[in-house]
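Remember, predicted model here, so these are calculated numbers, not experimental data. Read the numbers this way: they start at 1 and go in the same order the structure lists the ligands and their atoms.
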Amino acid sequence: MKRRVSGTRERELRAFPIFAACSTEELADIDGQGTEITVSAGETLVREGHPGRQSFIVVSGEAVVVAGGREIARLGPGEFFGEMAVLTLRPRSATVRAATNMRLLVLEPRELGRVLRVTAVSRAMLSGVCDRLYKMEEQLV
Ligand code: CMP
């Protein structure tokens, strides 16, 4: 049977840049993946050098990304983190901490895999990772 998604949920999901280009059918497949959690300001969500199996999409609030003791980025609604360790099976490349109270969508590896089967989402995530690389290169110059 085909999955369905309500109009309100479709609009909510489409507000996330990585889901923006998905069709209604693809959004219906994405809906239901992941678990929404709330975290308090100051909580460490992933720790540099540690193994990790979960990836996250920011629903609300702001996270700070710290690598080698230096703040390298801030992530807000619709942005994602924690995908690198899951995709590469390497340790976490940075520590990510909640800068404010946050709502997050947590994806287990299998759920990330399902979401990435949607071409529009893989493209958006890949493009987001490339943007991070370009930004880091700029910071090195
Ligand atoms: P991961 O290595 O699993 O855990 C730390 C996360 O921080 C990493 O995945 C990325 O999602 C995120 N991250 C690493 N480097 C950057 C960066 N330069 N800009 C934004 N986010 C980053």
Side-chain angles (χ1 to χ4, degrees), residues 2-141:
K2 274 203 160 180
R3 284 169 187 268
R4 296 176 69 97
V5 63
S6 75
T8 313
R9 184 68 180 143
E10 180 174 347
R11 277 192 295 281
E12 270 174 16
L13 287 172
R14 222 185 272 289
F16 289 86
I18 62 165
F19 299 145
C22 293
S23 67
T24 303
E25 289 72 27
E26 288 167 338
L27 288 177
D29 286 338
I30 288 166
D31 188 31
Q33 303 299 328
T35 308
E36 204 172 302
I37 60 162
T38 55
V39 296
S40 305
E43 266 186 61
T44 297
L45 308 167
V46 308
R47 208 175 282 275
E48 186 173 354
H50 284 219
R53 294 182 45 79
Q54 294 173 322
S55 50
F56 304 81
I57 297 174
V58 179
V59 179
S60 67
E62 190 181 51
V64 59
V65 184
V66 176
R70 250 184 37 170
E71 178 177 326
I72 55 169
R74 288 200 166 234
L75 304 173
E79 294 188 284
F80 57 86
F81 63 90
E83 77 296 348
M84 287 170 62
V86 182
L87 295 173
T88 63
L89 303 179
R90 289 166 68 137
R92 296 292 192 192
S93 59
T95 292
V96 182
R97 199 167 290 122
T100 63
N101 292 345
M102 300 181 77
R103 278 165 56 219
L104 296 165
L105 189 67
V106 186
L107 297 168
E108 296 299 330
R110 188 152 19 113
E111 294 173 315
L112 179 67
R114 280 200 204 113
V115 166
L116 287 179
R117 248 178 255 151
V118 177
T119 315
V121 180
S122 343
R123 205 183 274 261
M125 190 170 272
L126 200 55
S127 152
V129 172
C130 291
D131 285 344
R132 288 175 185 173
L133 253 178
Y134 291 135
K135 222 178 266 172
M136 280 172 69
E137 277 177 7
E138 276 168 25
Q139 284 167 356
L140 288 175
V141 180

Exercise. Is Arg74 atom CZ crowded by more than 12 heavy atoms from other residues, nucleotides or ligands, each under 6.0 Å away?
Worked result: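 For Arg74, atom CZ is crowded (more than 12 foreign heavy atoms under 6.0 Å).
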Exercise. Does atom CZ of Arg123 have more than 12 heavy-atom neighbours, drawn from other residues, nucleotides or ligands, at distances under 6.0 Å?
Worked result: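 No - once you tally the heavy atoms of other residues, nucleotides and ligands closer than 6.0 Å, there are 12 at most.
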Problem set entry | Residue pairs fulfilling side chain to side chain donor-acceptor pair (under 3.5 Å) with at least one residue in residues 106-122, sequence neighbours excluded |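 Matches after skipping sequence neighbours: Gln33-Arg114, Gln54-Glu108.
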For this session: Kindly indicate, with the supporting measurements, whether the criterion side chain to side chain donor-acceptor pair (under 3.5 Å) is fulfilled by Arg103 and Thr38.
Result: CA-CA 4 Å; Arg103 278 165 56 219; Thr38 55; over 6 Å; no
Problem set entry | salt bridge (Lys or Arg N to Asp or Glu O under 4.0 Å) evaluation trace for Glu25 with Arg4 | CA-CA 7 Å; Glu25 289 72 27; Arg4 296 176 69 97; over 6 Å; no
Exercise. Who are the residue neighbours of ligand 1 when the rule is a heavy atom under 4.0 Å from any of its atoms?
Worked result: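 If the criterion is a heavy atom under 4.0 Å, then ligand 1 touches Val46, Val65, Ile72, Ala73, Phe81, Gly82, Glu83, Met84, Ala85, Arg92, Ser93, Ala94, Val96, Arg132, Met136.
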For this session: List the steps and the verdict of side chain to side chain donor-acceptor pair (under 3.5 Å) for Glu48 and Ser93.
Result: CA-CA 5 Å; Glu48 186 173 354; Ser93 59; over 6 Å; no
